[in-house]
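These notes are about the structure you will find just below.
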Amino acid sequence: SAVISQKPSRDICQRGTSLTIQCQVDSQVTMMFWYRQQPGQSLTLIATANQGSEATYESGFVIDKFPISRPNLTFSTLTVSNMSPEDSSIYLCSVAGGRGKEEGNYGYTFGSGTRLTVV
Amino acid sequence: AQSVAQPEDQVNVAEGNPLTVKCTYSVSGNPYLFWYVQYPNRGLQFLLKYITGDNLVKGSYGFEAEFNKSQTSFHLKKPSALVSDSALYFCAVRDMNSNYQLIWGAGTKLIIKP
């Protein structure tokens with residue numbers, strides 16, 4: 001399965017600033033997923049990022065607030081813009097195992113997460 | 001609408017006893033089901049999956065899950081619990097109507113007492 005390096009692991013940011021989270025995968029993957037998770041709670045999908053196309057955002061998440069880049073098949077960034085305390089959360093990236101028609105059949109791998117605190 | 005339910009917020013089990021963490025699902029078509037575990041302050045780890053084949057699936061750390069199509073369930077089990085199994089467990093199903101997205105259960109906190 002793929003290995004994901006996610007950075008930073010944690011950060012404390014001032015409100016009104018932006019933070020960019022990076023995920024580097026050790027193999028080429030078609031789709032990358034960005035999630036938000038409150039401690040002890042379930043995951044909420046922010047967006048799906050395909051290489052070479054605009055990210056697809058879920059209801060309640062907009063590109064101006066959470067711009068995503070996907071410059072190649074091994075790398076993606078999520079920016080949390082104009083942060084407020086409500087953005088304090090754990091942010092996770094994920095990729096689907098398998099290739100082509102079998103993508104997603106082999107489980108999904110997650111980065112170690114970015115714990116963001118906005119003060 | 002497709003969904004996953006984990007009816008128990010928390011499950012308490014004595015060490016050495018068998019454990020079960022429940023999951024039911026509602027999807028159109030054949031489900032692709034997954035279990036993940038999250039230890040405190042750590043990322044999500046894949047435990048096991050059901051795509052097709054045998055209804056009893058064996059996974060990591062001695063866990064297994066039984067797919068029951070008639071009951072639309074995919075309960076996670078382990079014959080003998082360890083204190084180190086204490087963690088947050090998530091059931092998920094692949095959304096066949098979208099781009100390989102996963103639909104997540106709310107999570108079940110498993111506490112194993114010595």
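Lettering follows sequence order; numbering is per chain, from 1.
Both Phe63(B) and Tyr50(B) sit in one connected hydrophobic cluster of ILVMFWY residues. Membership requires side-chain heavy atoms under 4.5 Å apart, directly or through other members. Tyr61(B) and Val13(B) fall within a single hydrophobic cluster, where Ile, Leu, Val, Met, Phe, Trp and Tyr are joined by side-chain heavy atoms under 4.5 Å apart, directly or via other members. Tracing side-chain contacts under 4.5 Å through hydrophobic residues (I, L, V, M, F, W, Y), one reaches Leu116(A) starting from Ile68(A); they form part of the same cluster. Under the 4.5 Å side-chain contact rule for hydrophobic residues, Met31(A) and Val93(B) do not share a cluster. Note on Leu45(A): it does not cluster hydrophobically with Val4(B), by side-chain heavy-atom contacts below 4.5 Å among ILVMFWY residues.
Taking 4.5 Å as the limit, every side-chain heavy atom of Leu102(B) sits out of range of all side-chain heavy atoms of Leu43(A).
Interface residue Leu88(B): only side-chain heavy atoms are found under 4.5 Å from chain A. Only the side chain of Gln38(B) comes within contact range of chain A, with heavy atoms under 4.5 Å apart. Within the 4.5 angstrom heavy-atom criterion, no atom of Leu48(B) approaches chain A. Contact of Gln6(A) with chain B is not made at all, since no heavy-atom distance falls under 4.5 Å. For Arg115(A), the part lying near chain B is the side chain, with the backbone staying farther off; criterion is any non-hydrogen pair under 4.5 Å.
Counting heavy-atom neighbours within 6.0 Å of Gln38(A) CD, excluding the residue itself, gives a total above 12. Other residues, nucleotides and ligands place more than 12 heavy atoms under 6.0 Å from the CG atom of Asn55(B). By the 6.0 Å contact criterion, NZ on Lys22(B) is open, its count of non-hydrogen atoms from other residues, nucleotides or ligands being 12 or less. Heavy atoms of other residues, nucleotides or ligands lying less than 6.0 angstrom from CD1 of Ile12(A) number 12 at most.
Of the residues Tyr108(A), Phe33(A), Phe110(A), the one that meets the ring pair (Phe, Tyr, Trp, His ring centres under 6.0 Å) test with Trp104(B) is Phe110(A).
Interface residues of residues 16-25 of chain A toward chain B, defined by a heavy-atom distance below 4.5 Å: none.
Distance alone, capped at 3.5 Å, places no donor-acceptor pair between the Ser112(A) side chain and the Gly43(B) backbone.
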